[in-house]
Structure formats: C-alpha cells, structure tokens
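Here the structure is a predicted model, which is why all the values come from computation and not from measurement. So that the names make sense, note that chain A is the first sequence line, chain B the second, and so on, each numbered from 1.
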Amino acid sequence: MTIKEMMETLGLRLAAGPEGMLDREITGVYCCDLISHAMAKLDSGNVWITVHTNLNVVAVASLTDAACVVVPENIEIEEQSINRANEKQVLMLSSDKTAAELSFEMISRIRKAE
Amino acid sequence: MGQVIIRDFEIPANDFTVAGEASSTVRKLLVQLGVAPDKIKRTAIAMYEAEINAVIHGHGGKAHVEISGDKITIVISDEGPGIEDLDLAMQEGYSTAPDSIREMGFGAGMGLPNMKKHADELDIRTEKGKGTVVTITVYF
Ligand SMILES: Nc1ncnc2c1ncn2[C@@H]1O[C@H](COP(=O)(O)OP(=O)(O)OP(=O)(O)O)[C@@H](O)[C@H]1O
Ligand SMILES: [Mg+2]
C-alpha cells in the first residue's frame, strides 16, 4: 500500500513534505512518542505515528528514512517543523483520529493488502 | 575506499534547530559511499543518540568522524558535567532529563542502551565536572 492510498482510505491530510514522494510503498507502522524508541525501532519506509511535532521528529524521520510522520487528533504541527520537513523532504500528515485508531486501521489494511 | 575520510562537526548546546545534523550528514555520506543499509542504520542510531546526549546533557560538544574501507569511528566529546555513575546511566530507563526535555520526547533512558546495542564497539570515558568522550565503532 502506498502513502497516497493510505491517505485516501483514512482521510489523512498532507501537512508538509513533497507530494512527489506519496507513491512510496509503506513497509510498516510504528507508534511511540519516545524519541529513542522511535530511533531504534523505525525501519525504512515505516509510518511513524506520534503526537510530537517538534524539530526532533523531523530529524528522526529523516535519519530513519521513515515513509512519513502521522500526527493524530488534529494536533497542530509546529510551523518550524513544517518548514524543516519541506526542506528535508520529510512527509508529515495529519489526522483527526487517535493514535490507536490510526495504528489499528493502518495495520489492518497493510495485512489485508499483503 | 582507499583513503580515510575525516569529518568534524560542532554540536551546539540545547539547539534543536541543528540537533541531529552531524548524524544526518554522516548518514548521507555513508549512503553515497554505498555502505550496507543495516550498517548505516546502526551507525545512525548510535551517533544520533551520542549527538543528542551532547546537546542535552553535555552543554554541547564536538563530533570527529573517520571512515575507512572497513569501519567508521565516531568520537563525540563534550566538556559538560560528566556522568557520575556510568553503570547506572547505562541501564535502560535511567534518565536525568528535565521536564522541558522530556516534553519533546527525550528522557526514556534508552540512548546509551541504544548505543551499546547498535555499535560494534562502544567506549565511554567520563569524569565528573570535566566531560564525556563517547567513541563508537561500526565495522562494515
Ligand atoms: N554526554 C553526557 N554528559 C552528561 N551526562 C550524560 C551524557 N550522556 C548521558 N548522560 C547521563 O546519562 C543518562 C542516560 O542517558 P541516555 O541517553 O541513556 O538517556 P536520556 O538521554 O536521559 O534519554 P533518551 O536518550 O532515551 O532520550 C542521562 O539522563 C544523563 O544523566
Ligand atoms: Mg539520550
């Protein structure tokens, strides 16, 4: 499943990052708000669901080659992070769903597609 | 890769606009050099954790990186407060990070354990009141 397909099925909004990267295949989902856990656990092509929207999130998403960051519950994304994400070509998506709903729905759909 | 590639970076204290930039630059360099993805991943994890610790706990510092044909060596040094009890600090979950830092998602006490797990060699020299030198080696 691509990021774009996930966005369409779950109604995710593009908050930052290059549209040209939306065709990337999603390899998995990881959900955690602790930076050191995310750094160790995120694999290339993973979706990272986190409530944090600070600059460190952009740095970790870039360093781990995550597919995108998904921010739940319509949490406002810090403007400096949006600018940095655009610069670093990191996709940041936004959703009204909770992190638990997002994790469940994403993992269900990825399993189904496999 | 016949010769040794050397890079040096400044790591400013408590500045999250550049925190992780040294690790990011090194990661890109390793990608360009065609190093195996799992080695790049382990290097990035270990270096990022050491870099962030210098930013947060070490009052900033420096990174010195040497890449040769068969390994990367990363030395991250600071002149911060040092680590009083290194065995304790190495334990998962131990953290002295203040609330302002925890609010950003740090402070799980997983940085040093992550370094230990992902580096092939990890050497930490630290002295209270003097500073900390972390040396990470990953073999390709
Ligand atoms: N460079 C350093 N200078 C001084 N103290 C340090 C340094 N690096 C680590 N420490 C001490 O060791 C503790 C554990 O470090 P570790 O990286 O494992 O966790 P953390 O930084 O607190 O949280 P996390 O890395 O999970 O965000 C720190 O809270 C701090 O007290
Ligand atoms: Mg740390």
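Summarising the hydrophobic clusters (Ile, Leu, Val, Met, Phe, Trp, Tyr; side-chain heavy atoms under 4.5 Å, direct or chained), the residues clustered with B:V75 are B:V133. Side-chain contacts under 4.5 Å among hydrophobic residues (ILVMFWY), followed directly or transitively, place B:I6 together with B:V4.
Residues A:I26 and A:L42 fall into different hydrophobic clusters, defined by Ile, Leu, Val, Met, Phe, Trp and Tyr side chains chained together at heavy-atom separations under 4.5 Å. Taken together through direct or relayed side-chain contacts under 4.5 Å among Ile, Leu, Val, Met, Phe, Trp and Tyr, A:V51 and A:V47 form parts of separate hydrophobic clusters. Note: the hydrophobic cluster containing A:I82 does not contain A:L14 (ILVMFWY, side chain heavy atoms under 4.5 Å, direct or indirect links).
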Polar pairs (donor with acceptor) under 3.5 Å from chain B to chain A:
from   : atom 1 : to    : atom 2 : distance (Å)
B:T17  : O      : A:R84 : NH1    : 2.9
B:T17  : O      : A:R84 : NH2    : 2.8
B:E21  : OE1    : A:K88 : NZ     : 3.4
B:E21  : OE2    : A:K88 : NZ     : 2.7
B:R27  : NE     : A:L63 : O      : 3.0
B:K41  : NZ     : A:D43 : OD1    : 2.4
B:E49  : OE1    : A:S36 : OG     : 3.2
B:E49  : OE2    : A:S36 : OG     : 3.1
B:E103 : O      : A:H52 : ND1    : 3.4
B:M104 : O      : A:N54 : ND2    : 3.1
B:G105 : O      : A:I35 : N      : 2.8
B:N114 : ND2    : A:S36 : O      : 2.9

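Listed by chain and residue number, B:E127 satisfy the salt bridge (Lys or Arg N to Asp or Glu O under 4.0 Å) test with B:K130 (two or more places apart in sequence, or in another chain).
B:G20 approaches A:L63 most closely through the heavy-atom pair O-CD1, 4.5 Å.
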